[in-house]
Novice: 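This structure is in structure tokens; I'll ask about it shortly.
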Amino acid sequence: MTNENKKKRYYWIKLKDGFFDTDEIDFLLSQKNGSDYVVLYQMLCLKTINTKGNLVRTVGEMLMKYDEEKIQRECKYFTLDTVRIALSLYKKLGLVYEEEDGTIQIVDFENMVGSETQGAIEKREQRANKITIDRGIDKQIDNVYQDNRYKEIKSIESKNNLVSISKECVSKETTGTHTHERPTLEEVTEYVKSQGLQVNAKRFFNYYESVGWKINGEPIRDWRARLRLWDSEDKGDNNGRYGEINDL
């Protein structure tokens, strides 16, 4: 695009969201042909875009003022009577005023009309496209982060499970389908007391601890049953392997 085209300027009317709620427009709409008056007013604003709110047009080196007939010819959808009444109402409501030379001027024109060059439009569109692309990239990065975070969490959970299994294996040795429990001295002592046995808990524990909790090379599957067996075989004999219950 050439620099000349980039300088080409586009105009538009900037209507506030409360435009139709203003007293002036509300009054116009209350009239018999009120909607025509409001539309005509907007058309006049558009007609003066290139003349900064003045209802004039340039013919060669001359400026020709818009009169009622000219307005009716330019805005051909309205009758001449409608144009005359509308202009009278605009002046009374302060929407337009007439210069000393008879030129009609739109009031507050600067705040009602906006403009933008073609170059500015292209830059705005480029910024909008860049924002869209950046948001797409951010979303992709966020998705990758979430995916990696999920994998990290699953890895930590897996490691924790392995640690838990390893700790369980420390207290339980497995042989075939049977579980080999190795009790602590406290567990043995507590069981002796709870069952009212006369076995010396410490000696029982030390003995089987020294032989790896095995009998004839086979792991003891139920140390509680073995403890009860000790008690039933030699009950009442405190001189042998049993001794006092609380002898720890």
Novice: Leu46 and Ile25: same hydrophobic cluster, using ILVMFWY side-chain contacts below 4.5 Å?
Specialist: yes
Novice: Whether the side chain of Gln72 engages the backbone of Phe78 through a donor-acceptor N/O pair (distance < 3.5 Å, no angle test) should be reported.
Specialist: yes
Novice: Quick one: does Glu209's side chain have a donor or acceptor within less than 3.5 Å of a partner on Thr184's backbone?
Specialist: no
Novice: Taking the side chain as every heavy atom from C-beta outward, state whether Leu28 and Leu95 have any pair of such atoms under 4.5 Å apart.
Specialist: yes
Novice: With under 30° as parallel and over 60° as perpendicular, where do the rings of Trp213 and Tyr208 fit, or are they tilted in between?
Specialist: parallel
Novice: Spell out, as yes or no, whether a donor-acceptor pair under 3.5 Å connects the side chain of Lys65 to the backbone of Asp101.
Specialist: yes
Novice: Is the shortest side-chain heavy-atom distance between Val199 and Val188 below 4.5 Å?
Specialist: no
Novice: Counting distance only, does the side-chain N/O of Asp231 pair as donor-acceptor with the main-chain N or O of Gln198 below 3.5 Å?
Specialist: yes
Novice: Would you name the heavy atoms of Val192 and Ala201 that are closest together and state the gap between them?
Specialist: CG2-CB, 4.0 Å
Novice: Using the rule that two of Ile, Leu, Val, Met, Phe, Trp, Tyr join whenever any of their side-chain heavy atoms come within less than 4.5 Å, decide whether Val96 and Val38 are in one cluster.
Specialist: yes
Novice: Could you check if a side-chain atom of Ile85 sits within less than 4.5 angstrom of a side-chain atom of Tyr37, using non-hydrogen atoms only?
Specialist: yes
Novice: Just by distance, with hydrogens left out, do Asp81 and Thr79 show a side-chain donor and acceptor under 3.5 Å apart?
Specialist: no
Novice: Given the rule that I, L, V, M, F, W and Y join up when any side-chain heavy atoms are under 4.5 Å apart, are Leu80 and Met43 in one cluster?
Specialist: no
Novice: Nearest 0.5 angstrom please: Leu87 CG to Ile71 CD1, how far?
Specialist: 4.5 Å
Novice: Counting only N and O atoms by type, is there a donor-acceptor contact under 3.5 Å from the side chain of Thr22 to the main-chain atoms of Gly18?
Specialist: no
Novice: Is there a side-chain contact between Thr48 and Thr51 in this structure, where contact means two heavy atoms from C-beta onward sitting under 4.5 Å apart?
Specialist: yes
Novice: Please confirm whether the backbone N or O of Tyr90 pairs with a side-chain atom of Tyr41, one donor and one acceptor, at under 3.5 Å?
Specialist: no
Novice: Are Val39 and Val107 in one and the same hydrophobic cluster, where Ile, Leu, Val, Met, Phe, Trp and Tyr link if side-chain heavy atoms are under 4.5 Å apart?
Specialist: no
Novice: With heavy-atom distances below 4.5 Å as the criterion, would you say the side chains of Arg224 and Gln195 are in contact?
Specialist: no
Novice: Do you know which two heavy atoms are closest between Trp223 and Pro183, and how far apart they sit?
Specialist: CE2-CB, 3.4 Å
Novice: We want to know whether Tyr66 and Arg73 form a side-chain donor-acceptor pair, criterion being a heavy-atom distance below 3.5 angstrom.
Specialist: no
Novice: Does Tyr207, at its OH atom, have more than 12 non-hydrogen atoms belonging to other residues, nucleotides or ligands within less than 6.0 Å?
Specialist: no
Novice: List the atom of Arg182, the atom of Gly212, and the distance in Å for their closest heavy-atom pair.
Specialist: NH2-CA, 4.0 Å
Novice: Hey, does Lys92 have a side-chain heavy atom less than 4.5 Å from the side chain of Glu24?
Specialist: no
Novice: How far apart are the closest heavy atoms of Glu99 and Asn54, and which atoms are they?
Specialist: OE2-OD1, 4.5 Å
Novice: Evaluate the side-chain proximity of Ser232 to Leu229: yes if any heavy-atom separation is below 4.5 Å, no if none is.
Specialist: yes
Novice: Hey, quick one: are Val56 and Tyr97 part of the same hydrophobic cluster, counting side-chain heavy atoms closer than 4.5 Å, chains of contacts allowed?
Specialist: no
Novice: Please name the pair of heavy atoms, one in Gln105 and one in Lys52, separated by the smallest distance, quoted to 0.1 Å.
Specialist: NE2-O, 3.3 Å
Novice: Side chain of Asn216, backbone of Glu218: donor and acceptor closer than 3.5 Å?
Specialist: no
Novice: Using modelled atom types and a 3.5 Å cut-off, is there a donor and acceptor pairing between side-chain atoms of Asp222 and backbone atoms of Ala225?
Specialist: yes
